[in-house]
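So the structure is just underneath, and the comments pick up after that.
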There are 2 protein chains.
Amino acid sequence: MTESIAAANAATDKPARQWGRTQQTRRVILDAARDVFIEEGYADANIAHIVERSGLSVGSVYHHFNGKADLFLALWDEFETVYTEAATTAVADARHSGVSDPIELFIAGTRAYLEVARGASRLTLLFRGGDGPPGYDTLGRRVGAEWMKNNTTLLGLEDTPVSRLKVRILISTVVEGERAIASVESPSEIDTLIDEAISIVRSIASL
Amino acid sequence: MTESIAAANAATDKPARQWGRTQQTRRVILDAARDVFIEEGYADANIAHIVERSGLSVGSVYHHFNGKADLFLALWDEFETVYTEAATTAVADARHSGVSDPIELFIAGTRAYLEVARGASRLTLLFRGGDGPPGYDTLGRRVGAEWMKNNTTLLGLEDTPVSRLKVRILISTVVEGERAIASVESPSEIDTLIDEAISIVRSIASL
DNA sequence: GTCTATAGTAAGATAGAC
DNA sequence: GTCTATCTTACTATAGAC
C-alpha cells in the first residue's frame, strides 16, 4: 500500500476520467501540499514551495484554497475520514457478527483504527507531530470527534469529569499506539505493538 | 497557593534583596511573558506585548533573552522543574518509608506530580495546550524527560518498542490527568480525578 | 481557471546613544 | 543595563491580464 490516503478515498468519487478540471487541480495541489508538509512540517512549509511542487501558480492555489491553513485542514480531513470510516465499519461488522459486549465492540474499532496506521506512517508523523495551523489543537481533541463520541455512548459512559478523563486517556492511548506504529518498520513488530496497545486499551476500558 | 511557579523556585535562590539587578529584571520579564503567553497563547503573543507588560523596553528584553522562543522555554524550564522535583522527592520519601514495590514507588511520584497540577491550571493550559516555539514538541516527549527515564528503570522496563509504547502511554495518561485537573474547580472534584488517573496508571503499569 | 507581478503587513531583531 | 528608533525579512494574499 502506498501512502495515499487519497487512494482509499477515491472509491467515493466518480471514476477518475470524469472528474472536472477543478477536482483534478485540487488533487494535484493537495498532493503537493502533503509532500511539502511531510518534508518540512507545517510551520516551515510555505506556499511558495507548495506552488513549486504542484507545477501550478500561486494564483491558482489561492483560487482553490484559502491558504496554508486551509490546505492543511483539507488534508487532515481526508486523513481523519479514512480512520473513522475504518473504525466505524469494523464496529458495525463486529456487531453483525454477533459481538455485543461494548468493550469488545470498542476494541474492534480500535484495532481497525490502528491497522490503518500501518500504511500511513509519514502522514501520522505529520498530523501527530504537534504542529499545525493556529487552532489545530494537538492530540486527542481531534481524533475523530465523531468516532469518539460514538464510542463514549458505546461504552455507556456518562458526561462527568471522571468519564471524560477516561475517554481522553483512551484516545491518547490509541494515538500513542498510532505514533509507535509509525516509528517501526517490520510488520511483525507492528503486530506486537497493536496487540500491546489493544491490551492496554482493554485494561482501561474494563476499569 | 497562587499561580506562581516562581515562588516555589525562590527557595533555591538567594534572599530576594540580595539579587543582582539582572536577576530581578529577568524575573520581571519572565512574569510579564508568562502573563502574556497565558492570555494570548504562544503563537499570538508578541514581544511588543511582553515589553509593554513588563514596563521595560525592547532592547532590555533582548539583552536578557534571545527572543520569544527563549522566553517560552525559560518559563517551561521553571514549570518542569517544579513538577520533576515534587515527583522525585515523593519517590525518595516513599522509598525511605519502606515502600519497595516499583509500581507503588511510581504511583507515589505520579500522585505528587498530579498534586502540583492543582495550583498551576493556567500554566498547565499554556504548556499542554499544544502551541509553542518550533521544536517544542507537544505532549509527553517533554514531560520531565529525566523523571520518566528514572521511572522507566524504576519499573524495570527494557528499551524495546513495546516498553517504549507503554512508557509513552503512561506519560500521556499523567498528562491527560493534568489537563483534566486544570479544567475543573472544586478541590473534591480534583481529588476524584487524581484517584481516577492513579487507578488507570496502576492498571497500565501492572500489565 | 490560470497566470505574473506586486502589494501589504506584521513581527522579530538590531544599532548605537545614554 | 537600558532605551528609542529603525531595519529587515519573509510571507501571505490580492489585483488584474489572459
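Small disclaimer: the values here were computed from a predicted structure and weren't measured. Note on naming: letters A, B, ... go to the chains in the order of the sequence lines (proteins, then strands), and numbering restarts at 1 for each one.
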Results of side-chain contact (heavy atoms from CB on, under 4.5 Å) for [X] - residues two or more places apart only:
{"X": "Thr152(A)", "answer": "Leu157(A), Val167(A)"}
{"X": "Val28(A)", "answer": "Ser54(A), Leu56(A)"}
{"X": "Ala197(A)", "answer": "Leu114(A), Leu165(B)"}

Task: First-last contacting nucleotides on DNA chain D - partner chain A, under 4.0 angstrom, heavy atom - done: dC11(D) to dT14(D)
Open item on the list: Once salt bridge (charged side-chain N to carboxylate O under 4.0 Å, His left out) is applied, do any residues pair with Arg164(A), and if so which ones, sequence neighbours excluded?
Closed with: Asp159(A)
- [ ] Please list, chain by chain and in numerical order, all residues satisfying salt bridge (charged side-chain N to carboxylate O under 4.0 Å, His left out) with Asp35(A), sequence neighbours excluded.
- [x] Arg53(A)
- [ ] Could you state the atom-to-atom distance from CD of Glu40(B) to C1' of dA10(C) in whole Å?
- [x] 14 Å
TODO: Determine which pairs satisfy salt bridge (charged side-chain N to carboxylate O under 4.0 Å, His left out) with at least one residue from residues 106-116 of chain B, sequence neighbours left out, and list them in order.
DONE: Arg111(B)-Asp195(B), Glu115(B)-Arg118(B)
Open item on the list: Can you confirm whether the side chains of Thr160(B) and Ser163(B) place a donor and an acceptor under 3.5 Å from each other?
Closed with: yes
TODO: List for me each residue that meets ring-ring contact (aromatic ring centres under 6.0 Å, His included) alongside Phe65(A), sequence neighbours excluded, and say none if there are none.
DONE: none
Task: Residues touching DNA chain C, which here means a heavy atom under 4.0 Å, drawn from residues 57-65 of chain B - done: Val58(B), Tyr62(B)
